[in-house]
Amino acid sequence: MEQNLKEILLKHSNELFGLQVEEQLIQFQKTRKEVEGDLTLVIFPFVKLLRCSPLEAGDKIGRFLMKQNSSIEKYEVVSGFLNFVISPEFWISKLNAIHQEATYGYAKENSKPLIMVEYSSPNTNKPLHLGHLRNNFLGYAVSEILKANGHSVIKTQVINDRGIHICKSMLAWEKFSPLNEKGERETPQNTGLKGDKLVGKYYVIFDQQFNAEAKTIITGWESGDFTHFSEDIKTEFNRLEEAKEGKDEKAVKGLDEKIKDLAKNQTTLIREAKDMLIKWEARDPQVYLLWTTMNNWVYAGFDVTYKAMGVDFDKLYYESETFLLGKDIVLEGLKKGVFFKKDDGSVWIDLTADGLDEKLVLRSDGTAVYMTQDIGTAIDRFNDYPALNGMIYTVGNEQDYHFKVLFLILEKMGYAWAKNCSHLSYGMVDLPTGKMKSREGTVVDADDLMQEVVDKATEMTRERGHLEGMSENEKNDLFNLIGMGGLKYYLLKVDPKKRMMFNPDESIELNGNTGPFIQYTHARIKSLLTKSAALNLEQATDCKNIEDVEKEIIKLLVEYPSIIEEAAKEQSPAVIANYTYELVKTYNNFYQTIPILIEENEITKHMRLVMSVNVAKVISSAMRLLGVKVPERM
RNA sequence: GGCCCCGUAGCUCAGCUGGAUAGAGCAAUUCACUUCUAAUGAAUAGGUCUUUGGUUCGAAUCCAAACGGGGUCACCA
């Protein structure tokens, strides 16, 4: 409708305004609720052109458009805004059109280029936590949204399965695991612990032992004991100690941190971990076996968690297989002059012309850094998938700078696809008690949280749900669907870019702007439809009139395809969430005030049911894009 | 300190490609279940959109600065 009127105005621009107006000037918007009308044209931009009052200008345009478009029933100019009332027939015809489309709102499958979406990127030394939940739900939802927009999508995760941090948990397990009566160390099998939890436990143990050892060392230094330590260490310690003199609290704290780091580097534990990493890199069979075994425990654990989360991946990348990539590319770039070498042999890129700094891409000993790897993997992926057009990295916003640099490097290296790479940057999840910190034990475990949320849903649903005749399995599925729906919706309804507050009590709340609120509306519609099975709801409606609320609902349904487009453009599932909430609220208002099944006029009743069918269709479709399932009853 | 992000009701968030009287949910108060699922709906109250200046017919929205909060500036990943 909007498009149609815009075209008419452009086509007859000369006739109306005496010159060809620019498209930008024509601004349509939704009519405000308090005002009568369905569509509004802003008149201010035309006032100057027509050299008359807004009222006259609006009247002139309104009269003209009404002649051109028969769906306009009337128009009115209010303080510079031209409001059109569109005929009920128009809206009903829209409803009928929506009714015919099974996948309403979705673009044609595979009509747009192939995109890779990376999300999750866990470390294999600890279990997934709340931050991963936001990351995963977000990455999954964006993938689904892109698919709905016609893209083909490859969902991937990078598994950070190597490095010193992995060796830490391996070492701790070897050193500190108690032996059972059979002389075995702890395993998922003999403890019943989930693999990722068991490995995570030893990562924590490493940290504790490591800190304790460092503390002992510092205590020794403080009492002047430097046996087993080099002269350099002694000098450095004394230098730091003396520097504390007369400094404020903050500076002293910083110096204490430096002393701690100094001591940490002297611990036997860190040395042993480093030795283990070197052995791993040399593919020492024993270390490799340990590494494989423990990683497999973690993968088994992750599988369970991912399944509960309802996310999946099409392709896995392991850092252990890709961490050497990128070096050749850097050397090639060095020849091309993209990078430069410093005297010590380290390789850098100078981004000062782009307003950034110099960035290291290869250490002086020739080994790779994080950036090197990322350059290599990006290129590797485009080699793996020749049809690949772009890539989206779902990574926290603390890495904004890293990705800015990465994309810039790839661009400078001459990769045309670099401009199609983007960082889906999301904000941190805060708790009411503050930031999540693993060291302070304030990390919210993903499995625990999901369990808690499902337990709460179980309790609430047993209390007020409509569960008659459901088997225990069906009931459990429902509890799960409600609990997980609530959690996902809670994490996705907020703009991903922004940091968000996670209130555990609110996440399992069932009233207001929540997942269960939307699910409930869906179930209620399904209940109506079950009771009206005798009617032919496939058929289009012949109804001629609609109530205001009904018109509002149809207007929202009409918006759905553009909402999906916007969500893809913004890479924001929150757009979908907020739209669905609006739709559901409007429908509930309708449901509460207008008779549906008990309506006596059969044609009206049929229309209201057809409308309900389509509201349920859109709710279910929109929630599917968020990874949220909707129940038939609850 | 340099750079990046954020600041809207008591709390959590929408709105931000400039447009009419800034919207929801939670919390508070009130009303509506012999009527289609009340996990609902209706209503009341709650705002100098951090501040100041600028651009404009018009600014929560754009620009600049200040203040406040966070992130980042490793030969860590």
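Heavy atoms only: backbone and side chains are in, while hydrogens, waters and symmetry mates are out. Bear in mind that the values here come from a model prediction, so they are computed numbers and not experimental data. Below, chains carry the letters A, B, ... as their sequence lines are ordered, and counting in each starts from 1.
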### Query
So what does A/Asn589 hit on the nucleic acid, given a heavy-atom distance under 4.0 Å: a base, only sugar-phosphate, or nothing?
sugar-phosphate
#### Entry: Smallest separation among heavy atoms of A/Ile43 and A/Ala57, with atom names
CG2-CB, 3.9 Å
### Query
By centroid distance (under 5.5 Å) and plane angle (under 30°), are A/Tyr581 and B/A24 in a stacked arrangement?
no
### Query
Between A/Ile349 (CD1) and B/C73 (P), how many Å, whole number?
18 Å
### Message
Please classify the nucleic acid contact of A/Lys435 as base, sugar-phosphate, or nothing, using heavy-atom distances under 4.0 Å.
### Response
sugar-phosphate
### Summary
To the nearest angstrom, the CD1-P distance between A/Ile596 and B/U35 comes to 16 Å
### Message
Distance criterion of 3.5 Å, no angle test: do you see the side chain of A/Asn588 paired donor-to-acceptor with the base of B/A42?
### Response
no
### Query
To the nearest angstrom, how far is A/Arg524 atom CZ from B/C33 atom P?
16 Å
### Query
Is there a donor in the side chain of A/Asn588 and an acceptor in the side chain of A/Arg524, or the other way round, less than 3.5 Å apart?
yes
### Task
Select base, sugar-phosphate, or nothing to describe what A/Tyr520 touches, counting heavy atoms under 4.0 Å on all strands.
base
### Message
Output the rounded distance in Å from CZ (A/Phe590) to C1' (B/C36).
### Response
10 Å
### Task
Rounded to the nearest angstrom, tell me the gap between atom CD in A/Glu599 and atom C1' in B/C36.
12 Å
### Task
Go through the side-chain N and O atoms of A/Thr40 and A/Asn83 and say whether any donor and acceptor fall under 3.5 Å apart.
yes
### Task
Decide, yes or no, whether a salt bridge links A/Asp495 with A/Lys497 under the criterion of side-chain N to carboxylate O below 4.0 Å.
yes
### Task
Identify whether any heavy atom of A/Thr461 sits under 4.0 Å from a base atom; if not, whether one sits that close to sugar-phosphate; answer base, sugar-phosphate or nothing.
base
### Query
Where the side chain of A/Asn578 is defined as all heavy atoms beyond and including C-beta, which of B/U72, B/C36, B/A14 is the nearest nucleotide?
B/A14
### Query
Do the side chain of A/Thr593 and the base of B/A42 come within less than 3.5 angstrom through a donor-acceptor pair of N or O atoms?
no
### Message
Rounding to an integer number of Å, can you tell me how far A/Arg499 CZ sits from B/U12 P?
### Response
12 Å
### Message
From CD of A/Glu506 over to C1' of B/G10, roughly how many Å is that when rounded to an integer?
### Response
13 Å
### Query
Counting only side-chain N and O atoms of A/Lys498, is one of them less than 4.0 Å from OP1 or OP2 of B/G70?
no
### Message
Keeping A/Ser527 on the side-chain end and A/Ala523 on the backbone end, is there a donor-acceptor pair under 3.5 Å?
### Response
no
### Message
Distance criterion of 3.5 Å, no angle test: do you see the side chain of A/Glu398 paired donor-to-acceptor with the base of B/U72?
### Response
no
### Task
May I have the distance from A/Glu582 (atom CD) to B/G41 (atom P), rounded to whole angstrom?
12 Å
### Query
Contact class for A/Asp261 (heavy atom, under 4.0 Å): base, sugar-phosphate, or nothing?
nothing
### Query
For atom C1', what is the distance between B/U61 and B/C6, given to the nearest Å?
15 Å
### Query
Under 4.0 Å: is that the gap between some side-chain N or O of A/Asn513 and OP1 or OP2 of B/C26?
no
### Task
For B/U52 versus B/A59, give the span between their C1' atoms, rounded off to a whole number of Å.
15 Å
#### Entry: Pairing partner of B/A39 (Watson-Crick or G-U wobble, both distances under 3.5 Å)
none
#### Entry: B/G23 phosphate, OP1 or OP2, under 4.0 Å from A/Arg32 side-chain N/O
yes
### Query
Any idea which heavy atoms bring A/Ile482 and A/Pro516 closest together, and the distance?
CG2-CG, 4.0 Å
